[in-house]
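Below is one structure, written out as structure tokens; the observations come after it.
In what follows, chains are A, B, ... by sequence order, proteins preceding strands, each numbered from 1. Remember, it's a predicted structure, so these values are computed and weren't measured experimentally.
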Amino acid sequence: MDLSYTAEEEEFRARLREWLAAELPGLPPRPDPLDWPGRRAYDCGWQRRLYDAGYGHVHWDASPTQRLIFLEETERAGAPYVGANFVGLLHAGPTIAAEGTPEQRERWLEPVLRGDEVWCQGFSEPDAGSDLASLRTRAVRDGDAYVVTGQKIWTSHAEVADWCELLVRTDPEAPRHRGISWLALRMDAPGVTVRPLRTLAGSTEFAELFLDEVRVPVSHRVGEENDGWRVTMVTLSFERGTAFVGEVVACRRLLGELARTARENGTWDDPALRRRLGALAARFQALWRLTQRNVSEAQATGGVPGTGGSVFKLDYSHARQELYDAAADVLGPDALDLGREWNLDRLSSLSYTIAAGTSQIQRNIVAERILGLPKGR
Amino acid sequence: MTGAVDFRPNEDQRDLRRGIRELLAGRFGREALRAAVDGPGRVDRGLWKELGEAGFFALRLPEEEGGVGLGLPEAVLLFEEAGRALLPGPLVATHLAAGAVEGAAEGLTVVTEVSPEGLVPWLDAADVVRGDAAGAVPLRSVDPLTPLHRAPRTGRLSAGAVEAALLTAAEQVGTAAWCTDAAVAHAGRREQFGQVIGGFQAVKHLCAGMLVRTEVARAAVQAAAVTADRVEIAGAKLLADEAAVANARDCLQVHGGMGFTWEADVHLHLKRAWVRAALVLPGAKAAEEVASAL
Ligand SMILES: Cc1cc2nc3c(=O)[nH]c(=O)nc-3n(C[C@H](O)[C@H](O)[C@H](O)COP(=O)(O)OP(=O)(O)OC[C@H]3O[C@@H](n4cnc5c(N)ncnc54)[C@H](O)[C@@H]3O)c2cc1C
């Protein structure tokens, strides 16, 4: 058990801190949360700055410890998070890096790192949510292309994406997990229609994706034909394993802000509320430590995060919702004002126990894969 | 490229944990536990001495003083094992007295302490009492394995109180982990409706929740042992108390009627978890301590 950093890592931290201090004042103002093209431009601009400074690769090539330092420092400095580049940097990118051919890595990774291309994730379908393996979008081989027909749903950032990591059924006769393939779909290909869906927060964060005989070159398949489920599991373990690291740091900062507000408006004098904030601070500190442990384990086992991600995601998603509930009690009547950022974030947080595998599904995973209890449906 | 932050116990630490686990399995298995429950509330001096020889009490004394020369990260591993085994006796107070009270390090002297909450465990069995136990009156202790006296409440934190909170939290993690294992084992054995109850999702999800609580609390306790930070320790105690108590309750639930019996061990864990929670840095105080640093 060693939580100290090497001299080299401390130097990495110091250089990063210095760079952030110089770079952040020059950032353009944050776009309106409802302006998706504006958000894309902003997020990609930030990624480009990171790239030019040598930090573009940090989510992939840096040691897990350097990644932790990066997330800790950028969050502390109030720098933007990955935003529209979430899928490119944290799902599709790592999957291509792990499973792609050299040509595929060459074609797709660099533009993501430079902030030139944005990816989205086309996994869920109207009839395949938690039961993802029941997906039905068909891909039929025709010469050197697949002809893809079907529907995806809840596709985040689809409106502004260039590429979609798409799961399709290539063998309808095979057992469900063995007939799926992973394709990179160009969002401007003929036959692709995006229909935005409005979330309860009022924004069009995600969309429906209609695919009508869309041709996807066979060379855009990552992994073997019908091996897409295994390839997907790599993506999902990245998603659950490390994708939320930055947000834990953010929560610790948010709690500090909340305590300041509570001291100013007098709610701090309510011992029950004060202790609730204390308990939440203890929880986020522990989640940060759990993250460090998961990263240590991933580092020891060669980079792919393990089931520890499910344990983390379960507690984190609920803790974060509790944080916003506590915030609402601190804010009092102001908790009903959507002009306050807290309240928009509170609405967004309602998705945390659903997206990226619902809490119920995570509990199934923990019970079956870690505790060895019998599998059920 | 590997970084230095490596949270996992290293090989020596794993060996240490294995050693104490084996010692306790051999010397304080289920039969000894149940004998202690039915017995007259005495500390097993033979076992205490063996613990002393294994370095349980002298763990953190420097080697020049005859100690093992290790630190809190190793101590929390040992105390987690002690908690899992429900090892009785004032282990934390004796460990903290090593080097200060003659014979404590060797397991020859049993030391107890008056807690800031005014509770004194094992008063009659102890050779040395730290703090002022004058006027202490016996309670009918809820925990059959922890005799308790009540002394006037001082509210004053002794020098070792922060470390005591951490080591007690480590014991709570042991209870949380034991309860998870026991619930999973029972759920994998007991059949109803023609299948093991562990196949029912309602039961599986209780077990998954227990694992999550254990892992979050363990990460907190182990990190707090490394940093020795007062606020981090308070947070770890809070989470470990919650994990131990909630897991014991869920474990009881998974056992059904059997869980409500004296015969099943789960009530012993629940009751001990309550005692450990109340003895040092109870929930409200721990939460205040963390809040004050916000
Ligand atoms: C904000 C947001 C962004 C998203 N972004 C994307 C994206 O970019 N790309 C993408 O592909 N998908 C995305 N999703 C979809 C997300 O992965 C699914 O919503 C999720 O997997 C659940 O599927 P579902 O919505 O069909 O719910 P269902 O699977 O229908 O679940 C409904 C309820 O039933 C429960 N349930 C289902 N099966 C079981 C079971 N076996 N045991 C116990 N309970 C069960 C669930 O826990 C849930 O409470 C996003 C979702 C949200 C909310």
Problem set entry | Distance in Å, A:Thr353 OG1 paired with A:Tyr316 OH, rounded so as to fall on 0.5 Å steps | 11.5 Å

For this session: State yes or no: are the ring centers of A:Tyr352 and A:His318 separated by less than 6.0 Å?
Result: no

For this session: Check A:Leu277 against A:Val330 and note the closest heavy-atom contact, atom names and distance.
Result: CD1-CG2, 4.3 Å

Problem set entry | B:Ser292 versus chain A, the contacting section by heavy-atom distance below 4.5 Å | backbone

Exercise. By a 4.5 Å heavy-atom criterion (distance strictly below it), what part of B:Gln13 contacts chain A: side chain, backbone, both, or neither?
Worked result: side chain

For this session: Measure distances from A:Trp288 to the heavy atoms of chain B and classify the residue's part below 4.5 Å as side chain, backbone, both or neither.
Result: neither

Seminar exercise, completed: For A:Leu254 and A:Trp342 the tightest heavy-atom approach is O-CH2, 3.6 Å

Problem set entry | Choice from B:Ala284, B:Gly188, B:Ala225, B:Ala234 maximising heavy atom contacts with chain A below 4.5 Å | B:Ala284

Seminar exercise, completed: The interface call for B:Glu232 against chain A, heavy-atom contacts under 4.5 Å, is side chain

For this session: Tell me, for A:Leu314 versus chain B, whether the close heavy atoms (under 4.5 Å) come from the side chain, the backbone, both or neither.
Result: side chain

Problem set entry | Contact class of A:Arg263 relative to chain B, heavy atoms under 4.5 angstrom | side chain

Exercise. Given the options B:Val221, B:Val203, B:Val212, B:Asp181, which has more heavy-atom pairs under 4.5 Å with chain A than any of the others?
Worked result: B:Val212

For this session: Please flag which part of B:Val226 lies under 4.5 Å from any non-hydrogen atom of chain A: side chain, backbone, both or neither.
Result: side chain

Exercise. At a heavy-atom separation under 4.5 Å, does B:Val196 approach chain A through its side chain, its backbone, both, or neither?
Worked result: side chain

For this session: Check step by step if side-chain contact (heavy atoms from CB on, under 4.5 Å) holds for B:Lys237 and B:Glu289.
Result: CA-CA 11 Å; B:Lys237 176 69 168 41; B:Glu289 173 99 30; over 6 Å; no

Exercise. Of all heavy-atom pairs between B:Cys207 and B:Thr180, which one has the smallest distance, and what is that distance?
Worked result: O-CG2, 4.3 Å

Exercise. Which atoms of A:Ala367 come close to chain B, meaning under 4.5 Å heavy atom to heavy atom: side chain ones, backbone ones, both, or neither?
Worked result: both

For this session: Any chance you could lay out the side-chain contact (heavy atoms from CB on, under 4.5 Å) test for B:Glu80 and B:Glu171, step after step, and finish with the verdict?
Result: CA-CA 5 Å; B:Glu80 181 181 330; B:Glu171 292 185 302; over 6 Å; no

Exercise. Between B:Leu239 and B:Glu242, is any pair of side-chain heavy atoms under 4.5 Å apart?
Worked result: yes

Problem set entry | Heavy-atom proximity to chain A below 4.5 Å, by part of B:Leu77 | side chain

